[in-house]
Each structure stands twice: as C-alpha cells, then as structure tokens.
Amino acid sequence: MEPGNTITYSLSVPEALVQGLSFQDSYAYLDDWVLGALGDMGIRAWYQPLNDIATDQGKIAGAAQKRVVGPGGGPGAVLHHVTMSYDIDADKMLEVLRIGREKLSDKGIRSAKKRVDPLRRQTGLPREAVIERMIASFGARYGLTRGKVTDEELARARELADTKFSAPAWTARVP
C-alpha cells in the first residue's frame, strides 16, 4: 500500500448483519454499495469471488475480513477491510508481493502486472474526487453521521504506532 496510490476503507459491523450468509456472500454483500459508487463514476464493476472487485480492464480492489467473538462469547463483529488501487507502480508491486502461479492461473491470466487496473486510469478523476463520490454514494444508500476522533483515541493510536506498529518485529513480519 503506497500513500496516495490506494483508497482504503473498513466497515465494522455487528456479525448479525451477515448472519445466514456464507463467508463468500458476506464479502459481496458488504461491498455491494461500492459497485454502485463505481457505476456512478462510469465503471462497470463486479464482485469476483472470493474477495476481489474487478472490471473488464482488471482487478481494482481486494477485501479481507476478521471476525471477532464478543465478550463472554456474546454477539460478535465483522471487520471488513478493502484496499483499492487508485494508481499503481506495477513493477514495484511485483517486487514486494509473492504471487504464485496458482493465484495467477486461478484468475486466467499470465501476468500480475496486467491483472490490476487502477481507478485513476479508469475514471480520470483526482483521488480526492473518487473518495468523495464513494462517501456520497454510501451516504445516499445508508445515511452517514460524521464523527470525530477523541483526544484519548488519538493518544492511544500514537502510542500503538510508537510501541508496536513501527517496530521491526511488526513491519518485517511475514505471515
């Protein structure tokens, strides 16, 4: 993920929102609004199981989920996170990603470089305009309430950045 070249968003929702859906269907359900937002920008996009958003020109986004059991085994939550390619240095991407032949053949392509097609090229819009249109589309569908990060939340985030997320044990970790 390169600052300025990606658009990321996360949804934190009660597990009950996706109850009864298969794991695969929950991805598509939580990103359905994005397909509408992209359509409003002139991009015909669809969900490519398990976790990609694709167009005729290539992949533009990938999703990940983490499911968390609630305290005492109570109601849980789903953290749904998406990274979208706004612009890309395809050569750099190939240097840092480990993309196996199986992954490429599953997608019916020979080159990871040709697999991703960024939003900048497809829309011609500045990154900030794409983000604002996505927010407006989400708001039109579900409503929005603007929030603010509290001083305590910001202090905790800075503490974690300093003590955990900037440490080599975290940044050089290979899962």
Side-chain angles (χ1 to χ4, degrees), residues 1-14 17-18 21 23-66 77-99 103-104 106-150 153-154 157-158 160-161 165-166 171:
M1 292 178 40
E2 271 188 311
N5 282 344
T6 58
I7 297 172
T8 62
Y9 62 89
S10 296
L11 302 174
S12 178
V13 300
L17 187 65
V18 296
L21 295 177
F23 193 68
Q24 178 176 322
D25 288 345
S26 73
Y27 276 90
Y29 176 73
L30 291 173
D31 283 332
D32 185 61
W33 68 275
V34 174
L35 302 182
L38 293 170
D40 292 344
M41 289 182 264
I43 298 174
R44 189 180 78 79
W46 60 87
Y47 216 79
Q48 180 74 43
L50 170 69
N51 60 341
D52 292 344
I53 297 173
T55 70
D56 288 329
Q57 288 75 37
K59 174 181 173 175
I60 56 174
Q65 285 186 7
K66 173 70 176 173
V78 176
L79 176 62
H80 181 83
H81 178 79
V82 175
T83 301
M84 303 184 86
S85 173
Y86 172 73
D87 202 2
I88 193 163
D89 179 336
D91 292 325
K92 187 183 290 183
M93 176 189 72
L94 293 176
E95 284 180 35
V96 299
L97 292 181
R98 294 174 293 164
I99 303 173
K103 178 87 170 174
L104 294 177
D106 284 352
K107 306 295 182 185
I109 56 173
R110 294 176 188 227
S111 168
K113 197 180 215 182
K114 293 179 182 175
R115 182 173 175 226
V116 177
D117 193 53
L119 289 169
R120 182 183 62 77
R121 196 203 62 74
Q122 291 194 48
T123 65
L125 295 170
R127 181 175 175 270
E128 294 74 21
V130 172
I131 292 169
E132 285 304 316
R133 287 185 180 200
M134 289 178 64
I135 291 169
S137 182
F138 187 93
R141 187 180 279 205
Y142 300 112
L144 285 175
T145 302
R146 296 275 178 175
K148 183 181 181 302
V149 175
T150 67
E153 291 167 332
L154 187 57
R158 285 185 175 136
L160 285 170
F165 298 123
S166 62
T171 59

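The OG1 atom of T55 lies 11.0 Å from the CD atom of Q48; values are rounded to the nearest 0.5 Å. Atom CG of N51 sits about 9.5 Å away from atom CG of D31, to the nearest 0.5 Å. Atoms CD1 and CZ, from I60 and R121 in turn, are 11.0 Å apart once rounded to the nearest 0.5 Å.
Summarising the geometry of V82 relative to A61, their closest heavy-atom pair is CG1-CB, 3.9 Å, with the distance given to 0.1 Å. The minimum heavy-atom distance linking E153 with K148 is given by the pair OE1-O, 4.0 Å. Nearest heavy-atom pair, A45 versus I53, reported as atom, atom and distance to 0.1 Å: CB-CG2, 4.1 Å. In terms of heavy atoms, L79 sits closest to S10 at CD1-CB, 4.0 Å.
Residues that satisfy the side-chain contact (heavy atoms from CB on, under 4.5 Å) test with T171, not counting sequence neighbours, are absent from this structure. Applying the ring pair (Phe, Tyr, Trp, His ring centres under 6.0 Å) rule to F23 yields the partners Y27; only residues at least two apart in sequence or on another chain are considered. Under the salt bridge (charged side-chain N to carboxylate O under 4.0 Å, His left out) criterion, R120 pairs with D87, sequence neighbours left out. Evaluation of the ring pair (Phe, Tyr, Trp, His ring centres under 6.0 Å) rule for F138 yields W33, Y142 as partners, not counting sequence neighbours. Under the rule for a side-chain contact (heavy atoms from CB on, under 4.5 Å), the partners of A28 that lie at least two apart in sequence or sit in another chain are Y47. Under the side-chain hydrogen bond (donor to acceptor under 3.5 Å, both in side chains) criterion, S26 pairs with Q65, R67, not counting sequence neighbours. Every side-chain hydrogen bond (donor to acceptor under 3.5 Å, both in side chains) that D32 has, sequence neighbours left out, goes to R141. Applying the side-chain hydrogen bond (donor to acceptor under 3.5 Å, both in side chains) rule to S12 yields no partners; only residues at least two apart in sequence or on another chain are considered.
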Can you give each donor-acceptor pair under 3.5 Å made by side-chain atoms of residues 125-133, sequence neighbours left out, with the distance rounded to 0.1 Å?
| from | atom 1 | to | atom 2 | distance (Å) |
| --- | --- | --- | --- | --- |
| R127 | NE | T6 | O | 2.9 |
| R127 | NH2 | T6 | O | 2.8 |

Could you list the donor-acceptor pairs under 3.5 angstrom formed by side chains in residues 36-44, with sequence neighbours left out?
| from | atom 1 | to | atom 2 | distance (Å) |
| --- | --- | --- | --- | --- |
| R44 | NH2 | D56 | OD1 | 3.0 |
| R44 | NH2 | D56 | OD2 | 3.2 |

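For S166 (side chain) and A161 (main-chain N/O), a donor-acceptor pair under 3.5 Å exists by modelled atom type.
Atom OH of Y9 is surrounded by more than 12 heavy atoms from other residues, nucleotides or ligands within 6.0 Å.
Contacts classified as salt bridge (Lys or Arg N to Asp or Glu O under 4.0 Å) and involving residues 4-14 (residues at least two apart or in different chains) are not found.
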*Please lay out, stage by stage, how L30 and V18 fare under the test side-chain contact (heavy atoms from CB on, under 4.5 Å).*
CA-CA 8 Å; L30 291 173; V18 296; 4.1 Å; yes

*Could you please spell out the steps behind the side-chain contact (heavy atoms from CB on, under 4.5 Å) verdict for H80 and V13?*
CA-CA 8 Å; H80 181 83; V13 300; over 6 Å; no

